[in-house]
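In what follows, every chain begins at residue 1, and chains take the letters A, B, ... in the order their sequences are listed.
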Amino acid sequence: MAKPFYITTTLPYVNSVAHAGHALEYVQADILARYHALIGDEVFFNTGTDEHGVKIYRKALEEKKDPQAYVDEYAEKFKLVVQKLNLYPDVHFIRTTDPHHKAAAQEFWRRCIAAGDIYKKNYEVKYCVGCELEKTDSELQNGRCPLHPNLDIEIIKEENYFFRFSKYQVPLLDLYARRPDLVVPDYRFNEIRAFVAAGLEDFSISRQKTKMPWGIPVPDDPDQVQYVWFDALINYISTLGWPEENEKFEKFWGIIDSPKALQVAGKDQIRQQSAMWQAMLISANLPSTRQIVIHGFITSGGQKMSKSTGNVIDPMTIIDEYGTDALRLFLARHIHPFEDSDFTMEKFKESYNADLANGLGNLAARILTLAEANLEKPVEHPAPIVFPAEYTNALEKYDYNTACDNVWKLIGELDKDLTDKKPFSVVKADPEAGKTMIADMTKRLYTIARLLQPILPTTSDTLKAAIGANKKPANLFPRKE
RNA sequence: GCCGGCGUAGCUCAGGUAGUUAGAGCACAUCAUUCAUAAAGAUGAGGUCCCAAGUGCAAAUCUUGGCGUCGGCACCA
């Protein structure tokens with residue numbers, strides 16, 4: 001009986017195109033999805049786009065587009081990214097403007113009301129006339145907008161709905177105590193625990209429709225829409241057909257005593273994912289997330305990527321030049337799973353040439369040339385292997401770097417054996433012995449291809465097909481200068 | 001300011017409950033070679049393990065202090 005495995009990324013907000021950080025999160029989640037599929041689990045992999053809110057509304061107006069037309073366009077762009085990164089074919093792509101998601105968000109809201117956790121109150125918004133934007137305290141300096149220090153900040157009163165977050169301090173701390181691996185890595189868990197322990201304030205979860213209509217309507221209140229991320233978080237369960245498809249929901253998301261869902265998110269998302277969303281789930285009487293894995297950010301040349309610095313790495317450009325698997329390997333092997341990491345073209349090219357052109361690509365060429373020339377028929381596929389413990393343990397701990405290192409250790413050993421045992425010489429002196437060696441090494445290459453499946457799916461398939469046909473493929477990774 | 005992490009070869013990092021000459025991958029140099037993508041292989045160079053004091057027979061590893069650096073301390077998603 002296949003074990004259900006649920007995994008989701010966060011949904012990118014569609015006010016800009018996909019960047020390297022999105023690619024990292026997609027690839028990390030995809031490696032886990034594919035790994036679990038490989039070991040026989042029934043996988044539900046969710047991603048999609050977060051499409052409501054004031055920023056999108058403004059951008060649509062700026063571009064003189066209907067908001068729906070604007071988000072349709074961006075959703076297509078992100079779908080293309082998902083495709084180009086070669087994510088798991090059955091990935092479920094949810095959009096927060098999907099009718100079913102809207103209905104689910106409204107139902108979720110009603111459940112929170114039923115729990116007594118939503119109430120209306122006057123909310124004071126700080127507003128900078130210069131920016132024409134609302135400002136938070138952390139954005140202000142000495143009570144003034146840093147961009148427009150000569151203008152006074154205006155206080156606008158707005159009636160909004162609030163979520164009774166304060167009520168969930170103890171329940172959240174209980175949850176954290178019960179589930180000591182809820183958030184990975186542990187220092188991120190400590191951060192959120194400290195944050196919750198310091199006390200929680202209720203937060204606003206709606207906006208006035210007259211000012212900002214681009215959101216999901218609040219049930220039974222035509223004047224308010226849900227604040228964007230309240231609705232956005234609900235995608236993790238609406239994607240499963242919640243609330244109608246309860247069987248599917250329990251199968252993948254779990255039940256209260258046995259949560260199953262795995263979430264991957266960036267370090268800027270800790271609070272939303274591991275505190276606010278978990279409180280919302282408790283309020284709606286639904287199971288919590290089983291585990292939230294927090295990754296770091298990608299920097300370039302030690303700095304945040306920005307157009308003005310000119311250090312932006314565009315994942316799509318890299319794919320066009322080097323191929324999807326080259327990008328996937330760099331993200332998996334050379335970007336730290338949890339800490340911020342540097343991504344420069346120099347480092348990328350170095351790793352491409354070392355790991356792929358000189359490493360895997362060259363090894364495949366060596367072996368398959370010998371196999372094609374000397375074996376009469378393709379080798380029989382080795383029986384499904386037991387994966388090396390170092391490899392599986394690393395993936396269970398989200399240590400993609402070490403999982404890759406483990407495969408590359410096998411590549412190195414096979415390469416060295418080929419050099420030392422010289423089947424290319426042996427086959428001339430003693431054809432049968434040489435052929436046996438070549439067949440054996442071809443099988444080892446097949447095993448490596450299987451281990452590569454979650455990380456480099458296309459390369460894995462190409463290698464397996466080549467071995468199956470006993471035909472050397474074209475250069476997998478041409479060396480780049 | 002408060003809390004926490006980190007500081008080890010050119011680069012990215014591992015080790016670190018103290019115990020032989022400090023490790024890996026990449027990069028670099030030399031040699032050799034062809035089954036292969038001028039690739040792979042062998043050999044080698046490269047480190048006062050941030051600084052100082054302390055506790056030990058013994059400290060990169062423990063303690064204290066200092067310096068440096070990074071992260072968190074709510075409504076930007």
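Of the P atoms belonging to B:C6 and B:G16, the separation is 13 Å, rounded to the nearest Å. For B:G56 and B:G46, the C1' atoms lie 32 Å apart once the distance is rounded to whole Å. Comparing the same atom, P, in B:U69 and in B:A29 gives a spacing of 34 Å after rounding to whole Å. Nucleotides B:U33 and B:A39 are separated by 12 Å at their C1' atoms, to the nearest Å. Between B:U30 and B:U64, the distance separating the two P atoms is 49 Å to the nearest Å. The gap from the P atom of B:C49 to that of B:C11 amounts to 16 Å, rounded to the nearest Å. Annotation: B:U48 and B:A60 have their P atoms spaced 13 Å apart (nearest Å). Here, B:A58 and B:A18 have their P atoms 15 Å apart, quoted to the whole Å.
Across A:Pro454 and A:Arg328, no two heavy atoms sit closer than the pair O-NH2, 3.0 Å.
Within the 4.0 angstrom heavy-atom criterion, base atoms lie near A:Glu201. Among the atoms of the strands shown, none is found under 4.0 Å from any heavy atom of A:Val427. Counting any heavy atom pair closer than 4.0 Å across all strands shown, A:Lys55 reaches sugar-phosphate atoms only and no base atom. Nucleic acid contact for A:Asp268: base, since at least one base atom lies under 4.0 Å from a heavy atom of the residue.
Residues from residues 190-199 of chain A lying near RNA chain B, meaning a heavy-atom separation below 4.0 Å, are A:Glu191, A:Phe195, A:Gly199 in numerical order.
Residues A:Asp202 and A:Glu339 each lie close to RNA chain B; by heavy-atom proximity, the contact nearer the 5' end of the strand is made by A:Glu339. Both A:Phe165 and A:Ala354 lie close to RNA chain B; mapped to their nearest nucleotides by heavy-atom distance, the more 5′-ward contact belongs to A:Ala354.
Shown are A:Lys422, A:Arg366, A:Arg444; of these, the salt bridge (Lys or Arg N to Asp or Glu O under 4.0 Å) with A:Asp417 is made only by A:Arg444. Each of A:Thr47, A:Asn46, A:Asp98 was checked for a side-chain hydrogen bond (donor to acceptor under 3.5 Å, both in side chains) with A:Asn235, and the lone residue meeting it is A:Asn46. When A:Tyr70, A:Trp214, A:Tyr13 are each tested for a ring-ring contact (aromatic ring centres under 6.0 Å, His included) with A:His52, only one passes: A:Trp214.
The pair A:Asp221-A:Lys209 does not meet the salt-bridge criterion, since no charged nitrogen lies less than 4.0 angstrom from a carboxylate oxygen.
Applying the salt bridge (charged side-chain N to carboxylate O under 4.0 Å, His left out) test to pairs two or more places apart or on separate chains, those with a residue in residues 163-176 of chain A are A:Asp117-A:Lys167.
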Worksheet item: Checking ring-ring contact (aromatic ring centres under 6.0 Å, His included) for the pair A:Tyr119/A:Tyr161: CA distance, chi angles, key distance, verdict?
Response: CA-CA 5 Å; A:Tyr119 64 97; A:Tyr161 288 98; 9.1 Å; no
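With a cut-off of 3.5 Å on both Watson-Crick or G-U wobble distances, the partner of B:A36 is given as none. Pairing of B:G41, defined by two Watson-Crick or G-U wobble distances under 3.5 Å, is identified with B:C31.
Side-chain contact of A:Tyr74 with A:Asn15: a donor-acceptor pair under 3.5 Å is absent, judged by distance alone. Side chains of A:Thr402 and A:Glu390: no donor on one and acceptor on the other come within 3.5 Å.
With its glycosidic angle more than 90° from 0, B:G25 is assigned anti.
B:C26 atom P lies 10 Å from atom CG of A:Asp405, rounded to whole Å. Going from atom CD1 of A:Ile270 over to atom C1' of B:C75 covers 15 Å, rounded to whole Å. The NZ atom of A:Lys409 sits 15 Å away from the P atom of B:C26 (whole-angstrom rounding).
Proximity of A:Lys416 to the phosphate of B:A42: a side-chain N or O atom is located under 4.0 Å from OP1 or OP2.
How far CD1 of A:Ile467 is from OG1 of A:Thr442: 6.5 Å, rounded to the nearest 0.5 Å.
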Discussion item. At under 4.0 Å between heavy atoms, how does the protein contact nucleotides 31-39 of chain B? Give one character per nucleotide, 5' to 3', with B, S or -.
Written reply: ----BBB-B
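Using a 4.5 Å heavy-atom threshold, the side chains of A:Val184 and A:Arg188 count as separate.
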